[in-house]
Amino acid sequence: MSFDFSELPRSSPLSAEQLQQVFAELIAADTWHRYSGSYGEQLSKLLREEYQAEHCTLCCSGTMGIELALRGAGVRSGDEVIMAAYDFRAGLACTQLIGAQPVLVDILPEQPVINAEQVAAAVTSQTRAILVSHLHGCAAPLRQLREIADNCQLSLIEDACQSPGLSHEIANRVSDAVVLSCGGSKLLTSGRGGAVLTSSATIAQRMRIHTWRGNEAVPMSELQAALLIPQLQQLHEFNLARAAAVQGMLAEAGSADMPFRILVTDEILQRQADHAGRAVAVYYKLPVLLPSAPDPQQRQRILQMAQERRVPLGQAFQALQTCSAKSRFRAAGSLNAASDLADRLLLLHHSVLRADDAGDLLQKLADILS
Ligand SMILES: *Cc1c(COP(=O)(O)O)cnc(C)c1O
């Protein structure tokens, strides 16, 4: 079957039938307008089961989830929070909002993965937490970070906004809190929304104190929760389908001479699922690395051409050291790998990763990028 781009951008994770079913149920129950109720409770329960966590705090966005997790971990004004210099900006902004100091460390060369050795070297007596994301299908080295966190008595916060349902075997789920996003472009989406999972009663209680102001200050609504429940139930199946599409693309790319490289590790290439049948790589966006940084006009041309051909190709994150005044963060060592990746990386949105003609998509990418 040929990949029909005219079908884009229908990227809703629920079919029209599924949506009709959710809305029919909402109309029949007539409870969707309540402040809280059974949908939020059911979603919390499903997420606690998925993450084997004692507590689930539903909230209004992944960004707010990061702020809550930082506050839950006891991060205060004057503390330091270590994070990768290549990451989404929310972690930097939330840390600064609390009055704490972001400490940026580099990533591994040509990988959106924090350099754990640099994390160890960046710890000071002010450090309170490590905040780390699983980005673009690449898992963060949580085991190594846990060891550092234990040795230095730090909290480890996992930003899983891009990787809901990532195999526990791969994620080595050992963080103190996991943050999820249900934003409009994400794999689980209700347009807006987020959640924090933790098994620490202290973290959960601190977040509760922060959110409860006579009413929930940063809530998720029943309507949002109702739309997320069926998505969570099909999440693993969809994650596997996306992983299979990526494997298909890589198998095709293997023999061809492509003007780009898809950043997927060999381990992931060889193994699609873990022992429990869960995806070992979760693709919110697929990372496409160019051999060198395009100049601004070239970049503009690439993005324009992608748009014309209905390929949802977008820019990578900016390196965080370029997003903030120098006085508002500390750079721990060189951040060259982060700026190099930010300059050379493009991201393909997951809406095309459920199609079954990987070859066609690859060819379109090759045309755009050559
Ligand atoms: C999207 C995203 C967030 C923020 O989530 P929102 O729900 O949009 O606030 C945080 N971290 C990462 C890595 C993300 O991709």
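In each ligand, atom 1 is the first atom listed, and ligand 1 is the first ligand listed.
Linking ILVMFWY side-chain heavy atoms closer than 4.5 Å, directly or via other members, places Ile302 and Ile262 in a single hydrophobic cluster.
For His134 and Tyr284, the ring centers sit 6.0 Å or farther from each other.
Salt bridge status for Glu216 with Arg208: present, with a side-chain N to carboxylate O gap under 4.0 Å. The residues Glu147 and Arg143 are annotated as not salt-bridged, no charged nitrogen and carboxylate oxygen being separated by less than 4.0 angstrom. With respect to Lys45 and Glu41, no salt bridge is recorded, no charged nitrogen being found less than 4.0 Å from a carboxylate O.
In this model, a donor atom of one side chain and an acceptor atom of the other lie less than 3.5 Å apart for Glu50 and His236.
The contact shell of ligand 1, taken as protein residues with any non-hydrogen atom closer than 4.0 angstrom, comprises Ser61, Gly62, Thr63, Ile66, Phe88, Leu135, Asp159, Cys161, Gln162, Ser181, Lys186, Gly193.
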